[in-house]
J.: 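Here's a structure for you.
In the text below, chain A, chain B and the rest are named by the order of the sequence lines, each starting its count at 1.
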Amino acid sequence: MPELPEVEVTRQGIDEPLRGARVLDVRLGKPLRWPLGCRRDRLVGTTVGPVLRRGKYLWLPLSREGHPAGGLLMHLGMSGSLALLAAPGEPGPHDHFDLSTDRGALRLTDPRRFGAVVFSPALDEPPASRLLARLGPEPFDPGLTAGAVHKALRNRRAPIKAVLLAGEVVVGAGNIYACEALHRAGIHPGTRSDRLSAARAAALLDALRQTLARALALGGSTLRDFSDVHGASGAFQAEAAVYGRAGLPCPRCGRPIRRAVHAGRSTYYCAGCQRR
DNA sequence: AGTTAAACCTGGTTGC
DNA sequence: TGCAACCAGGTTTAAC
């Protein structure tokens, strides 16, 4: 579920409420993708700092008596969401991590458990640095230019859809937004990345930014599991032009949306208005 | 360098 | 109604 917009919506929801919160307790449920990697007493008594996002990861920096004390790198996987609760209360069967603080509890609910919460001594040290090492530039980094994207794409022979998903040229697009951005840009998902002109690479970066920004404004997409930290669903899925719409008419040209597979993932596109 | 599959999990939907 | 097959927002690793 959670692609960049959903993770950013989550970040915005927890940043202010948790900034300065004192960690009182930690509860772990069933195992997530990776072990937490630290003892409970490494977290209890720390204070949460400003929450950052890198790609689809969240970073909760911790300090103890004013000194940096590592942090928690969190990922929502396919089905994860975070909630802010006044008190943790009795955990449900899919609640696998609680961080209780003096300002309420942060709870990770993740039925499929592809998500993760990993302690790291710093963002630029392992294990965090290792997990973030392959991430490409942020799509909204003003320093990311169309020229840089075009240059990066020239080195890739894989289909543009697969390259977007890989997140090495630019991070943030998952299956929904990769499909939607390609449709918005009029680019066929099977186009070899190194065959995209500079103009089309520019159009793609533009379309990706517009798609992600629109999703962010709508609170992300909720297909099944995702909700923001207050339990509200996203609304972007109702605006999707192609994702999940195989057989339905393209909103732009009316031709039926097709489904294909790239990098093992369903790709939805319109053969009428997306060209190689 | 690429694609592909498998792995990690649960649950909803589809089809016989 | 039951049950098997298949699908799902992600990522990593291994194999061809």
J.: How does protein contact run along nucleotides 11-16 of chain C, one letter per nucleotide 5' to 3', with B for base contact, S for sugar-phosphate only, - for none, heavy atoms under 4.0 Å?
T.: BS----
J.: In whole angstrom, what separates A:N175's CG from C:dC7's C1'?
T.: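 Result: 12 Å.
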J.: Should A:K56 and A:E3 count as an ion pair when the cut-off is N to O under 4.0 Å?
T.: no
J.: Does A:S266 place a side-chain N or O at less than 4.0 Å from the phosphate oxygens OP1/OP2 of C:dA8?
T.: yes
J.: If hydrophobic clusters are built by linking Ile, Leu, Val, Met, Phe, Trp and Tyr wherever their side-chain heavy atoms come under 4.5 Å apart, do A:L4 and A:Y57 end up in the same one?
T.: no
J.: Atom OH of A:Y243 to atom P of C:dC7: distance rounded to whole Å?
T.: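 These atoms are roughly 12 Å apart.
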J.: Evaluate the side chain to side chain donor-acceptor pair (under 3.5 Å) criterion for residues A:S79 and A:D110: first the C-alpha distance (whole Å), next the side-chain angles of each, then the deciding distance (0.1 Å), finally the verdict.
T.: CA-CA 5 Å; A:S79 59; A:D110 185 3; 2.5 Å; yes
J.: Please give the distance between the P atoms of B:dC9 and C:dC3 as a whole number of Å.
T.: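 It comes out at 25 Å once rounded to the nearest Å.
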J.: Do the charged groups of A:R130 and A:E125 touch, with an N to O distance under 4.0 Å?
T.: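 No, no charged N to carboxylate O under 4.0 Å.
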J.: Would the A:Y269 and A:H188 ring centres measure less than 6.0 Å apart?
T.: yes
J.: Using a cut-off of 6.0 Å, state whether more than 12 heavy atoms not belonging to A:R134 lie near its atom CZ.
T.: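 Counting neighbours around CZ of A:R134, 12 or fewer heavy atoms of other residues, nucleotides or ligands fall under 6.0 Å, so no.
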J.: Where along nucleotides 9-16 of chain B does protein come under 4.0 Å, by heavy atom, of base (B) or sugar-phosphate alone (S), with - for untouched nucleotides?
T.: BBSS----
J.: Rounding to an integer number of Å, can you tell me how far A:H262 NE2 sits from B:dG2 P?
T.: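 The answer, rounded to whole Å, is 14 Å.
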J.: Tell me if the aromatic rings of A:F236 and A:Y177 count as close, with their centers under 6.0 Å from one another.
T.: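 Yes.
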J.: Can A:L153 and A:V169 be said to form a side chain to side chain contact (heavy atoms under 4.5 Å, CB included), step by step?
T.: CA-CA 7 Å; A:L153 292 178; A:V169 172; 4.1 Å; yes
J.: Got a salt bridge between A:R11 and A:E8, using NZ or NE/NH1/NH2 to carboxylate O under 4.0 Å?
T.: yes
J.: Quickly work out the A:D225 CG to C:dG10 P distance and round it to whole Å.
T.: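 That distance rounds to 13 Å.
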J.: When both hydrogen-bonding distances must be under 3.5 Å and the geometry is Watson-Crick or G-U wobble, what is B:dC9 paired with, if anything?
T.: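 Its partner: none found.
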J.: Could you tell me how far C:dC7 sits from B:dA5 if I compare only their P atoms? Round to whole Å.
T.: 12 Å
J.: Given the C1' atoms of B:dA1 and C:dG10, what is the spacing between them in whole Å?
T.: 22 Å
